[in-house]
Amino acid sequence: MELLAAVGVAVGFFALIMASVALHELGHMVPAKIFGVRVPKYFVGFGPTLWSTTRGETEYGFKWFPLGGFVRLMGMYPPRADGSQRRGRLADFADSAREGEWADITADDVANSRLFYQKKTWQKLIVMAGGPAMNLLIAFVLLLGVTAGYGVYRPQTTIATVQQCIIADPARTECAPGDPKTPAAVAGLQPGDRVVSFNGIAISSYNQLSDLIRANMDGSATFVVERQGQQVTLPTVHTVVNTLPDKLDPSHSVTAGWMGLSPQQALVKGGPGDVLSDMWTMTQQSVVALVQFPVKVWNVVADLASGKPRSVYDPVSIVGASQVAGEVATSDQLPLAQKAASFLTLLASVNLFLALFNFVPLPPLDGGHIAGAIYEWVRRRFASWFRRPDPGYFDTAKLLPIAYGVGGLLLISGLALVLADVISPIRLF
């Protein structure tokens, strides 16, 4: 029964991701139609058509393989510029793709400026940014619902536990004779103490305190705490250098200052400002993950080949994210309300990552088209400033070799992650 519930939740989560993809493409289509671009197709999925219907000039439908979606905008490639430029294989390749698109372009499309390349730069930017912006909006709404309705567990400035000794042997969890005391124990920190200041700096949040301790390395540390209603200045000690998880990439370790204390956690409700702050932190973490994405995928494949278990910090496919949602929903370690909050937070995280991923300035991603539009504007603006002939539209068809290369890499990476998620799924509990 538990397995069926996990599968059901995973399928539901997958369906919600596909709904997010559909809304992403809607974010492209709506402004494109508003600006007059002809949009002949809007589909969720890839491959053979499963079902479709035509409304006006647009065919809407579903494809057999629900691993993405697309909206077709006419006129993504401008006509080839006249001139006796030297030809080559790349140029021929671009012209071949251009001819394929222009076979469906009519004289009416050209005359009435219904082609994407004919639009103004700001219109192109809105159309191409509309998809990722939709994912950002979805992430914000979901996180706001969780933060305002249920709350988020956040570390407090009140101490929960104080580790008594520094244990060098990772096989041990208990202190042994001869183990040195932690700086927190030497300073006399106690559970229930609320940290007021650190080295003379007033403390307003645990994250601030954590950053100060980490940056302190092995320097002197003086705490002022509130204990039983009284402010107490504790003896000055020295923080020690320890190996700790990186805040932006917990899969990697960094050397930082350490005290040996843990904060209390409290379920705190908040508003839009808290959500934007959380999204900023998640964005920084996602950017780090994106930069390391190819290496991390390679490591996942290597671990799969060697039989090494997956890390919770490994990248996952849509299938893997759905499996995690199913595992969370059927866990007996979480109350129902926290399961629902975790489900929505995970869905928000996926949407945020999709938005940032699509902003990467490489074709065929949305960021590649945004970069192309900006480059075209800059090039034409410089020509105007220096009284040079208008260079015309930027030929995005020339970027097709890059687009195919990036697309191939993404396809291979996606298939590798799906395979890893099926054979060796990530386990949270």
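For this chain, numbers begin at 1 and follow the sequence in order.
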Quiz item: Looking only at side chains, do Ser251 and Lys296 share a donor and an acceptor under 3.5 Å apart?
Solution: yes
| request: Taking the side chain as every heavy atom from C-beta outward, state whether Pro272 and Leu144 have any pair of such atoms under 4.5 Å apart. | output: yes
Any side-chain heavy atom of Phe343 within less than 4.5 Å of one from Gln338?
no
Measure from NZ or CZ of Arg380 to the centre of the six-membered ring of Phe394 and say whether it is under 6.0 Å with the direction within 45° of the ring axis.
no
Students often mix this up, so state it plainly: with edges at 30° and 60°, are the rings of Phe70 and Phe46 parallel, tilted or perpendicular? parallel
Point to revise | Any donor-acceptor N or O pair under 3.5 Å, side chains Lys33, Thr58 | key: yes
Only one of Leu356, Asn358, Leu354 passes side chain to side chain contact (heavy atoms under 4.5 Å, CB included) with Pro132, and that residue is Asn358
Quiz item: Stepwise, does the salt bridge (Lys or Arg N to Asp or Glu O under 4.0 Å) test hold for Arg72 with Glu59?
Solution: CA-CA 10 Å; Arg72 186 182 181 193; Glu59 180 185 9; over 6 Å; no
Ser331 side chain to Val328 backbone, donor-acceptor under 3.5 Å
no
Step by step, work out the side-chain contact (heavy atoms from CB on, under 4.5 Å) result for Tyr42 and His28.
-> CA-CA 10 Å; Tyr42 170 90; His28 291 308; over 6 Å; no
(message) Leu399 vs Tyr77, test: side-chain contact (heavy atoms from CB on, under 4.5 Å). Steps then yes/no.
(response) CA-CA 10 Å; Leu399 300 179; Tyr77 308 135; over 6 Å; no
### Message
Taking Asp104 first and then Arg38, would you say they form a salt bridge - that is, a charged N and a carboxylate O separated by under 4.0 Å?
### Response
no
Quiz item: Backbone N or O of Met76 within a donor-acceptor pair of the Thr396 side chain at under 3.5 Å?
Solution: yes
### Message
For Asp249 and His252, which I'm curious about, is there any donor-acceptor pair between the side chains at under 3.5 Å?
### Response
yes
Margin query: Looking only at side-chain N and O atoms, does Arg55 offer a donor or acceptor that is under 3.5 Å from a partner on Thr53?
Written below: yes
Is it true that Phe35 and Trp122 have ring centroids separated by less than 6.0 Å?
-> yes
| request: Give a yes/no verdict on a cation-pi contact between Lys63 and Phe43, requiring under 6.0 Å between NZ or CZ and the six-membered ring centre and an angle within 45° of the axis. | output: yes
Can you confirm whether the side chains of Lys41 and Ser52 place a donor and an acceptor under 3.5 Å from each other? no
*Between Gln208 and Ser204, is there a donor-acceptor pair closer than 3.5 Å when you use the side chain of the first and the backbone of the second?*
yes
Looking only at the side chains, is there a donor atom on one of Thr106 and Asp109 sitting less than 3.5 Å from an acceptor on the other? yes
* To do: Examine the side chains of His238 and Asp218 and answer whether a donor and an acceptor come within less than 3.5 Å of each other.
  => no
Verify the distance criterion only: is there a donor paired with an acceptor across the side chains of Thr147 and Asp274 at less than 3.5 Å?
no
